[in-house]
Amino acid sequence: FADVEGIQTMCLKCLPYLLEDESQRTTAQRAGLTDSVLRAMVLFPDSIELHTVAFHTLVLLARPLGGNEGMLFHTAMVNTRGIFNNGSSSSK
């Protein structure tokens with residue numbers, strides 16, 4: 001059913017729920033799920049819905065494995081002193 005857009009879209013819509021689980025995401029990465037998602041995008045270049053769910057799936061597949069997800073962003077948000085100028089001469 002690789003050539004049926006509706007079936008591919010429906011399958012892609014289910015993947016984000018499965019890929020939230022790290023063990024499922026690891027299995028999907030090892031099985032080459034990314035290739036299948038990209039193939040569907042190439043087969044149906046005009047399907048906005050399929051591309052939307054495919055991008056969501058790719059974002060989840062790209063998530064780092066382990067407990068460090070989002071740590072850099074969290075640390076940067078906590079320590080903002082180096083980001084903003086507080087009345088220094090360079091901000092005038």
Side-chain angles (χ1 to χ4, degrees):
F1 298 105
D3 59 341
V4 181
E5 180 183 338
I7 292 174
Q8 293 298 307
T9 302
M10 188 171 54
C11 291
L12 287 170
K13 283 183 177 182
C14 296
L15 288 175
Y17 298 104
L18 296 172
L19 296 175
E20 289 288 337
D21 177 47
E22 186 172 323
S23 65
Q24 297 293 333
R25 191 164 62 247
T26 302
T27 302
Q29 289 172 348
R30 290 183 181 150
L33 183 62
T34 304
D35 293 341
S36 298
V37 173
L38 292 172
R39 190 176 308 115
M41 294 175 77
V42 169
L43 284 173
F44 306 104
D46 298 325
S47 175
I48 294 171
E49 184 179 13
L50 184 136
H51 280 232
T52 302
V53 294
F55 281 127
H56 188 188
T57 299
L58 292 173
V59 166
L60 290 171
L61 283 169
R63 277 186 175 173
L65 299 172
N68 294 328
E69 183 177 330
M71 291 304 290
L72 292 175
F73 179 75
H74 178 68
T75 303
M77 292 304 290
V78 170
N79 186 9
T80 58
R81 282 183 231 158
I83 298 174
F84 302 107
N85 292 326
N86 293 328
S88 67
S89 62
S90 62
S91 65
K92 294 179 181 179

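Numbering of residues begins at 1 and proceeds along the displayed sequence.
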Open item on the list: Suppose we screen for side chain to side chain contact (heavy atoms under 4.5 Å, CB included). Which residues come up paired with Glu20, at least two apart in sequence or across chains?
Closed with: Leu60, Arg63
Open item on the list: Using the rule that Ile, Leu, Val, Met, Phe, Trp and Tyr join whenever any side-chain heavy atoms are under 4.5 Å apart, tell me whether Val59 and Leu38 fall into a single cluster.
Closed with: no
Open item on the list: Taking Ile7 as the starting point, is it possible to reach Leu15 by hopping between hydrophobic residues whose side chains are less than 4.5 Å apart?
Closed with: no
Open item on the list: I need the full list of side chain to side chain donor-acceptor pair (under 3.5 Å) pairs touching residues 28-45, with sequence neighbours left out, sorted by first then second residue.
Closed with: none
Open item on the list: Between Phe55 and Val37, is there shared hydrophobic-cluster membership here, with clusters defined by ILVMFWY side-chain heavy atoms closer than 4.5 Å?
Closed with: yes
With a cut-off of 3.5 Å and sequence neighbours excluded, list every side-chain donor-acceptor pair involving residues 40-50.
{"residue": "Ser47", "atom": "OG", "partner": "Glu5", "partner atom": "OE2", "Å": "2.8"}
{"residue": "Ser47", "atom": "OG", "partner": "Leu50", "partner atom": "N", "Å": "3.2"}
{"residue": "Glu49", "atom": "OE2", "partner": "Lys13", "partner atom": "NZ", "Å": "2.5"}

Open item on the list: Strictly distance-based, threshold 3.5 Å: is any side-chain N or O of Arg25 a donor or acceptor partner for the main-chain N or O of Leu19?
Closed with: yes
Open item on the list: Going by side chain to side chain contact (heavy atoms under 4.5 Å, CB included), name the residues that satisfy it together with Thr27, two or more places apart in sequence or in a different chain.
Closed with: none
